[in-house]
Amino acid sequence: MSLAPLTQEGRAVLRDAKRVVVKVGSSSLTSIQGGISEESVLALVEALAERRNGGTEVILVSSGAIAAGLAPLGLARRPRDLATQQAAASVGQGRLMSRYTQAFSVHGITVSQVLLTAEDLVRRTQHANAFRALDRLLNLGVVPIVNENDTVATHEIRFGDNDRLAALVAHLVRADALLLLSDVDSVYDGPPKDGARRIAEVRVPEDLAGVVVGSAGKAGVGTGGMATKVQAASIAAGSGIPALVTSTANAQAALRGEDVGTWFSVQGDRKPIRLLWLAHLATARGEIVLDDGAVRAVTRNHRSLLPAGITAVRGEFEAGDPVDLLDPAGTVVARGLVNYSVEELPRMLGRSTKELARELGHEYEREVVHVDDLVVL
């Protein structure tokens with residue numbers, strides 16, 4: 001567990017941040033009767049408006065579109081099938097934005113809607129466009145309200161929950177800190193009802209060893225639980241952005257740098273956003289088995305994967321798809337974006353790039369997975 005002085009020093013980063021990403025979930029915005037709670041929205045907006053009008057650039061990643069669409073469609077609970085989720089999101093997104101627009105306007109703040117899919121943050125051209133749009137909105141004094149584009153996103157290209165989306169958005173906009181709001185005020189070392197202790201600060205992953213924070217899913221209108229918030233905070237902290245997990249009721253105190261919630265200290269350097277996606281969100285389309293030499297080259301020496309070190313290929317993938325890289329024992333050691341399809345690779349296995357270039361053409365002289373498109377797991 002962390003010491004109070006270090007925790008307070010860490011929270012000063014959030015207090016003094018010039019650009020902050022705040023994420024709020026559906027369960028924090030809905031009423032007992034269902035639908036979006038006006039009281040919850042107003043309380044959250046008051047905290048964010050205080051910070052925005054104090055000079056900080058704020059991006060809000062907000063769930064709630066599907067929840068807001070349930071009542072108008074006569075649905076009693078969150079639908080399980082994707083098509084009905086998409087329909088509810090389509091109906092609810094406008095209603096959610098209307099509530100935010102009205103609430104922020106009281107404080108003289110203009111908001112905008114930004115809907116993203118995973119591809120928008122992975123493909124170089126699209127994530128550059130997304131950054132430019134968000135950066136310009138912030139420069140104009142707007143509070144962008146970001147959500148996953150649930151209406152068009154498929155199971156294959158979804159973030160899975162807005163917690164991880166928020167971690168990636170924080171990297172996209174080069175935020176100084178990430179605030180993840182939950183129903184629970186902190187991460188605890190066990191069930192709070194059983195007298196568990198609050199974890200004030202997580203400095204290294206080992207600080208959470210043995211701590212059970214619940215499943216990634218939960219009942220009701222939301223899709224994430226404390227587990228996804230811890231994962232998102234760890235993703236951010238592990239790649240250069242400090243994060244705080246606390247309750248929505250503590251939003252104002254958190255933004256003021258008070259001792260609330262669980263602080264995740266920076267544990268690594270900032271990384272390209274597509275590598276974060278590869279490590280934490282990408283669904284592998286296939287598997288490439290490496291020999292021992294290729295495993296060493298990729299994992300220890302940080303080299304690109306060449307066809308000479310490949311012994312087997314499995315799955316269905318095209319050039320540009322994510323694939324898992326396995327050692328001879330079948331353990332996944334890395335993940336990367338492959339430059340060839342599954343039909344092309346078999347005739348290349350175990351051969352040098354020069355040999356392939358002579359026989360098949362110079363386009364076969366490139367790496368199977370370039371080091372810049374590869375993460376060691």
Determine whether [X] and [Y] make a side-chain contact, defined as any pair of heavy atoms from C-beta on separated by less than 4.5 Å.
X    : Y    : value
I66  : R78  : yes
R198 : V187 : no
V298 : V333 : no
P242 : F264 : no
L244 : L180 : no
V202 : W263 : no
L134 : V146 : yes
T331 : L326 : no

Looking at every non-hydrogen atom in both residues, tell me the closest pair between [X] and [Y] and how far apart they are.
X    : Y    : result
G315 : V342 : O-CG2, 3.4 Å
S26  : G64  : OG-N, 3.2 Å
A294 : G309 : CB-O, 3.4 Å
R11  : G257 : CB-O, 3.6 Å
A175 : V21  : CB-CG2, 3.9 Å
V245 : M226 : CG1-SD, 3.8 Å

Donor-acceptor pair between [X] and [Y] side chains, under 3.5 angstrom:
X    : Y    : answer
D183 : S28  : yes
Y364 : R351 : no
S247 : D185 : no
T56  : R51  : yes
R132 : N129 : yes
E201 : T262 : no

With rounding to the nearest 0.5 Å, note down the distance linking [atom1] in [X] to [atom2] in [Y].
X    : Y    : atom1 : atom2 : answer
I310 : L345 : CD1   : CG    : 5.5 Å
S62  : L44  : OG    : CG    : 7.5 Å
R197 : Y188 : CZ    : OH    : 12.5 Å
K23  : L181 : NZ    : CG    : 8.5 Å
D372 : S304 : CG    : OG    : 7.0 Å
L325 : E287 : CG    : CD    : 10.0 Å

**OP:** Write out all pairs satisfying side-chain hydrogen bond (donor to acceptor under 3.5 Å, both in side chains) with one or both partners inside residues 315-328, taking only residues at least two apart or from two chains.
**Re:**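 Pairs touching residues 315-328 that pass the test: D324-R335.
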
[Y] backbone acceptor or donor facing [X] side chain under 3.5 Å:
X    : Y    : answer
S352 : E355 : yes
Q85  : P79  : yes
T101 : M97  : yes
R203 : V266 : no
R366 : N339 : yes
R99  : I36  : yes

Quick one: do [X] and [Y] make a salt bridge, cutoff under 4.0 Å?
X    : Y    : result
K18  : D176 : no
R256 : E50  : yes
D291 : R296 : no

State plainly whether one hydrophobic cluster holds both [X] and [Y], where clusters connect Ile, Leu, Val, Met, Phe, Trp and Tyr through side-chain heavy atoms under 4.5 angstrom apart.
X    : Y    : result
V376 : V369 : yes
V368 : L337 : no
I288 : L278 : no
V20  : V111 : yes
L14  : L60  : yes

Original post:
Has R303 got more than 12 heavy atoms of other residues, nucleotides or ligands less than 6.0 Å from its CZ?
Top reply: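 Check fails, neighbour count at 12 or below.
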
**OP:** Using a cut-off of 6.0 Å, state whether more than 12 heavy atoms not belonging to E363 lie near its atom CD.
**Re:**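 Yes, enclosed.
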
**OP:** Given side chain to side chain donor-acceptor pair (under 3.5 Å), test S341 with E343 step by step and report yes or no.
**Re:** CA-CA 5 Å; S341 70; E343 287 81 16; 3.3 Å; yes

**OP:** Apply side chain to side chain donor-acceptor pair (under 3.5 Å) to S63 and N147, showing your working.
**Re:** CA-CA 6 Å; S63 302; N147 195 358; 5.1 Å; no

**OP:** Would you please test L70 and R77 for side chain to side chain contact (heavy atoms under 4.5 Å, CB included) and show each step?
**Re:** CA-CA 7 Å; L70 299 183; R77 60 182 62 86; 5.7 Å; no

Original post:
So, is the end of the R174 side chain (NZ or CZ) under 6.0 Å from the ring centre of F131 and within 45° of the ring's axis?
Top reply: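 Judged by the rule, R174 and F131 form a cation-pi pair.
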
Original post:
Can you check side chain to side chain contact (heavy atoms under 4.5 Å, CB included) on R19 and D135, steps first, answer last?
Top reply: CA-CA 10 Å; R19 179 174 288 186; D135 192 56; 2.9 Å; yes

Original post:
After noting the C-alpha distance and the side-chain angles of S182 and T248, does the key distance pass the side chain to side chain contact (heavy atoms under 4.5 Å, CB included) rule?
Top reply: CA-CA 6 Å; S182 171; T248 307; over 6 Å; no

**OP:** Please assess Q113 against Q93 for the test side chain to side chain donor-acceptor pair (under 3.5 Å), listing each intermediate value before the final yes or no.
**Re:** CA-CA 9 Å; Q113 174 179 264; Q93 187 64 41; 3.2 Å; yes

Original post:
With respect to V114, which candidate in V169, I145, L137 satisfies the side-chain contact (heavy atoms from CB on, under 4.5 Å) definition?
Top reply: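 Exactly one candidate clears the test, L137.
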
Subject >> Partner set under side chain to side chain contact (heavy atoms under 4.5 Å, CB included) for P72, not counting sequence neighbours >> reply: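 For P72 the side chain to side chain contact (heavy atoms under 4.5 Å, CB included) partners, ignoring immediate neighbours, are V91, R95.
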
**OP:** Would you sort out whether L208 and I199 count as a side chain to side chain contact (heavy atoms under 4.5 Å, CB included), showing the intermediate values?
**Re:** CA-CA 9 Å; L208 292 174; I199 299 175; 3.9 Å; yes

